[in-house]
Structure formats: C-alpha cells, structure tokens
Amino acid sequence: ARFAALAACTALLVAAIALVAWLARAGVIVNFISESVMVGFKTGVACFLTATQLPKLFGFHGSHGDFWERMGYFVKHINETNPTSLILGLSALAVLVLGKVLLKNKPVALFVVVGGIVIASLATLEARGVALLGEVPQGLPRPGLPEPGVQWTDVNALLPLALACFLLGAVESAAIGRMFVAKHGGRFDPNQEFLSLAAANLAAGIGHGFPVSGGMSQSLVNESGGARTPLSGLVAAVIILLVTVFLSGLLRNLPQPVLAAVVLVAVAGLFKFATLVRLWSVHRNEFIVAMAALMGVLGSGLLRGVLIGATISLVLLLNRASRPRVAFLGRIPGTRRFSDLQRNAENEIIPDVIIVRPEASLVYFNVEHVCEKVLARVRSEAAVPRLVVCDLSASPHVDLQAVDALAGLAGELKASGIKLQVVKALDSVRDIMRTEGLDDKLDGINQFSSVADAVESLESSAR
C-alpha cells in the first residue's frame with residue numbers, strides 16, 4: 001500500500017513539473033535532443049522492447065535488467081521454450097506481417113487479439129503451458145490523493161525520480177511525435193505535450209496510478225491500425241473505459257505470445273539501421289552521437305541513454321560553436337562585390353589587404369578562435385598587409401568579451417603597422433562597440449561602409 005501511495009505521489013510530482021514546464025514554455029529543451037540522438041534512442045528502445053517480448057513469444061518467463069541482461073537470460077533459457085507458445089506466437093506474427101502488406105491501415109492486430117482469446121478459450125492452451133494475461137481487475141479506482149502515510153520527506157526523496165520520469169516522458173513523446181510528423185506531416189509542439197503530460201499524470205495520481213507518458217509501442221500499434229489523428233486516442237480511451245468497467249474478464253484468456261507478437265510488429269518501425277548506415281557514410285560525428293544514445297539505452301536504460309546521447313550532442317554543438325567558420329574574401333572579377341576565396345578560386349586577391357568574414361556571432365567562447373585565424377593569415381602572407389577588413393555582416397551578436405578581444409586584435413595588428421577596419425556591422429553590434437569606445441581603434445564604425453569602400457579608400461590613398 002505504501003509503494004502504491006508513493007507511485008501515485010510521483011505521478012502528481014511529474015504533473016507539477018510538466019505544468020511548470022508548460023507555463024515556462026520550456027519546450028525548447030526538447031530541441032537540444034538532436035535527431036541523431038533520437039535515431040539512437042529509438043533503435044535502442046526497439047532492441048530493449050524486443051528483449052522484453054522474446055521470452056513471452058517463446059513461452060517462458062523473462063528477466064529484469066538492461067538489454068544485455070535480458071538477452072543473456074533469454075539465450076541461456078531458450079531450451080525452456082514451450083512449442084505451443086512459440087507456434088502460436090509465430091502464427092500471430094505471420095498474420096500481422098501479412099496484414100501489414102496485404103491489408104494496410106486495417107486493424108489486423110485487433111482481430112489477432114480476438115482470435116487469440118477465442119483459440120485459448122476453445123483449446124485450453126493454459127493446460128499446455130501457454131501463459132495467459134490472467135485476471136484483470138474490473139472497475140475504476142476511487143479518485144483521491146495518495147494515502148496520508150506519505151510524508152514531506154518522501155516527497156523530497158521522490159523529486160529526482162519524478163524529474164527523471166518527466167524527462168523520459170518528454171523525450172519519448174518527442175521521439176514518437178517527430179516520427180509521426182515526418183511520416184504524415186503537421187507540426188510537433190513540445191509545449192503542448194508538456195500540458196498533456198501534466199493532465200495525464202494528474203489523472204494518474206488522483207486515480208492511484210503510477211507516472212505515465214505517451215508510449216512508443218502503444219502509439220505504433222495505434223498507427224498501424226490506421227489511426228491518423230489524436231481523435232483515435234479519445235476513441236481508444238472510451239473503449240478502454242468500457243472494457244475496464246464491463247469487459248475486463250474477457251481479457252483473461254489473451255495468450256502472452258500473441259500480445260508479444262503484436263508489440264514486436266509494432267516496434268519494428270523503430271529500428272533505424274538504414275539511417276545509422278547513412279550517418280556512418282556521410283556524418284561520422286552524428287553517427288557517434290546516435291551510437292552513444294543506442295548503447296546508453298541498451299546498457300544503462302532509457303533515461304540514461306538519452307542523457308548520454310544528449311550530452312555528447314551538446315559537447316559537439318559547443319565544439320562547433322566555439323570554432324565558427326572564418327571566410328577570407330576576394331573580389332568577384334568585374335564587380336565591387338566580394339565572396340569566399342575558398343569557394344571561388346577565380347576571385348581576385350587584393351594586394352596589401354586581408355578581408356575576413358566570421359560566419360557566426362562573436363561571443364566569449366569563440367572570439368579567440370576568430371582572432372587566431374586572422375593572425376595566422378597575417379603571418380602566412382609573404383608581405384605584411386597594410387589593412388585587415390573585418391566584415392561583420394554575418395555576425396548578428398557580439399558580447400563584451402568579443403569587443404575586448406577585437407580591441408586587443410586591433411592593438412596587436414597596429415603594433416605591426418596594420419590597420420583593422422570593421423564594416424557592415426549590424427545596429428546592435430555597432431551600439432555595443434561604440435559604448436565600449438572602439439570607434440577610434442577600428443577607424444570608425446559606419447554602417448554605410450562596405451568592404452569595397454574600405455578597399456577603394458586604401459587604393460586611392462596609395463596613388
């Protein structure tokens with residue numbers, strides 16, 4: 001009874017966290033879980049769910065633990081296979097696979113479940129060692145708060161667990177939501193999912209249940225039956241209500257191997273081996289992220305797997321952000337326009353001038369990289385240039401540390417007889433530079449000056 005009360009209390013805490021996340025419009029946190037993490041997560045979930053269902057399909061009890069423990073137990077005890085269970089499960093699996101091919105968008109799984117119940121009832125499969133679902137309690141629990149035995153200290157102890165449940169629910173909802181959006185169109189709104197999680201867990205807590213979220217296997221079964229809109233969830237809820245109140249006794253004879261077959265066919269869509277192969281061929285860093293999430297799920301569970309993949313994804317993101325691309329420009333022949341020399345080898349190199357364009361905002365963690373790139377280019381020149389032009393048209397934001405670093409760069413270049421001039425700075429960038437007194441050091445910060453103006457000014461002064 002105490003464990004049940006603690007589970008209900010955890011559900012209420014998850015509801016509170018999800019409500020706060022919804023009010024704070026914190027759905028952006030889901031965006032930090034990259035698609036590569038999702039690929040690894042979904043593949044890991046598919047493997048994990050497969051490991052939970054294989055023992056049921058073969059007719060013996062499975063074990064607890066991570067994927068490797070479950071699969072190790074399955075291999076060691078495969079000699080305990082019940083032939084009747086395996087034949088029944090494989091038959092259900094074959095019907096479901098054929099149904100997906102020949103009867104698309106038809107509720108084949110429903111007929112397989114009903115057929116399994118009928119066969120189990122007529123053939124007395126339980127006497128042959130086939131595991132059945134068993135008694136399902138009938139009726140609804142009386143709504144109310146968890147038992148008074150739950151103390152404030154219990155709430156504090158449950159808070160990390162509730163946060164973990166919320167994160168896992170959010171990631172799982174995002175994973176299945178993004179997959180359905182990619183497949184059927186529409187838009188995924190993570191903030192709306194937070195409100196849904198809050199409502200569902202509030203109902204679960206008041207109904208003396210445990211924390212809940214959108215389930216991958218259930219959602220896939222729903223979609224494979226032809227569902228295309230959230231209305232299907234309402235229809236399913238009404239049917240579940242009717243079954244729970246009036247018909248739960250009929251589920252007693254549902255064979256576990258049939259149920260396992262339904263889940264196995266549903267989760268097959270989560271396997272992303274083709275995507276992993278493509279990532280390996282084209283995006284090696286993203287492949288590492290996906291594999292980290294996959295191995296994390298298999299070895300440490302769903303939540304830790306996501307956190308491992310997300311952490312690696314953030315580290316790679318920070319690494320890319322701290323080393324933005326720095327383009328060196330040349331004049332497009334016959335024009336006053338300038339573009340990247342690396343991409344356009346035919347561009348003209350201007351004598352005595354280095355033109356640089358950082359292709360990112362300049363902030364505290366990347367400005368040193370930009371300055372080092374500029375200094376390295378200056379040192380590589382055969383003759384010391386007279387002017388370095390910094391085009392900030394691709395830098396929408398500059399922070400205080402970046403301003404100080406540019407001032408330091410200007411001083412270092414000036415010591416070598418080189419002038420640093422900034423052009424095409426945006427309004428907010430010019431404001432902060434002028435506030436910090438960089439006008440004189442950078443030869444004025446004029447929004448109307450272009451790269452061409454700076455180059456022509458130097459050329460005219462040399463005549």
Side-chain angles (χ1 to χ4, degrees), residues 1-30 32-33 41 45 48-49 52 61-67 69-70 133-176 190-218 233 237 240-241 244-245 248 296-297 299-308 310-311:
R2 173 170 167 77
F3 286 146
L6 292 175
C9 185
T10 305
L12 293 176
L13 286 173
V14 173
I17 294 170
L19 182 62
V20 170
W22 174 71
L23 291 172
R25 311 295 292 172
V28 67
I29 64 174
V30 177
F32 283 97
I33 312 296
F41 175 70
V45 168
F48 180 80
L49 291 175
T52 66
H61 291 290
S63 68
H64 298 286
D66 61 29
F67 170 81
E69 291 171 327
R70 290 175 181 271
L133 189 60
E135 294 295 337
V136 178
Q138 189 160 316
L140 298 174
R142 180 172 296 179
L145 294 175
E147 296 296 326
V150 178
Q151 305 295 323
W152 180 249
T153 54
D154 294 324
V155 175
N156 274 337
L158 291 172
L159 196 55
L161 174 63
L163 182 60
C165 290
F166 164 72
L167 287 174
L168 184 57
V171 170
E172 207 168 0
S173 295
I176 198 71
N191 288 307
Q192 194 70 12
E193 292 297 321
F194 290 163
L195 183 60
S196 302
L197 283 173
N201 281 282
L202 177 63
I206 292 176
H208 307 291
F210 51 76
V212 297
S213 70
M216 279 205 173
S217 59
Q218 297 94 328
I240 289 171
L241 179 65
T244 303
V245 175
S248 60
V297 168
S300 300
L302 303 184
L303 179 63
R304 289 178 184 173
V306 171
L307 293 178
I308 290 170
T311 301

Q: For Phe166, enumerate each residue passing the ring-ring contact (aromatic ring centres under 6.0 Å, His included) test, keeping only those at least two apart in sequence or located in another chain.
A: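 Expected list: Phe194.
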
Q: Report yes or no: does Thr52 contribute a side-chain atom to a donor-acceptor pair with the main-chain N or O of Leu49 at less than 3.5 Å?
A: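 Here the side-chain-to-backbone pair exists.
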
Q) Counting N and O atoms only, with roles assigned by atom type, does the side chain of His208 sit under 3.5 Å from a partner on the main chain of Ala8, one being a donor and the other an acceptor? A) no

Does [X] reach the side chain of [Y], with side-chain heavy atoms less than 4.5 Å apart?
X      : Y      : result
Phe41  : Val297 : yes
Val45  : Phe48  : no
Pro146 : Leu12  : yes

Closest approach of [X] to [Y] (non-hydrogen atoms, all atoms of both residues):
X      : Y      : value
Arg2   : Asp154 : NH2-OD1, 3.0 Å
Gly214 : Ser173 : N-OG, 4.0 Å
Gly209 : Ala11  : O-CB, 4.1 Å

Please list, one pair per line, the donor and acceptor atoms closer than 3.5 Å that link side chains of residues 197-204 to other protein atoms, with sequence neighbours excluded.
from   : atom 1 : to     : atom 2 : distance (Å)
Asn201 : OD1    : Val212 : N      : 2.9
Asn201 : ND2    : Leu197 : O      : 2.8
Asn201 : ND2    : Val212 : O      : 3.0

Kindly compute the distance separating [atom1] ([X]) from [atom2] ([Y]), expressed to the nearest 0.5 Å.
X      : Y      : atom1 : atom2 : result
Leu133 : Ser248 : CG    : OG    : 10.5 Å
Thr10  : Leu163 : OG1   : CG    : 12.0 Å
Gln151 : Cys9   : CD    : SG    : 10.5 Å

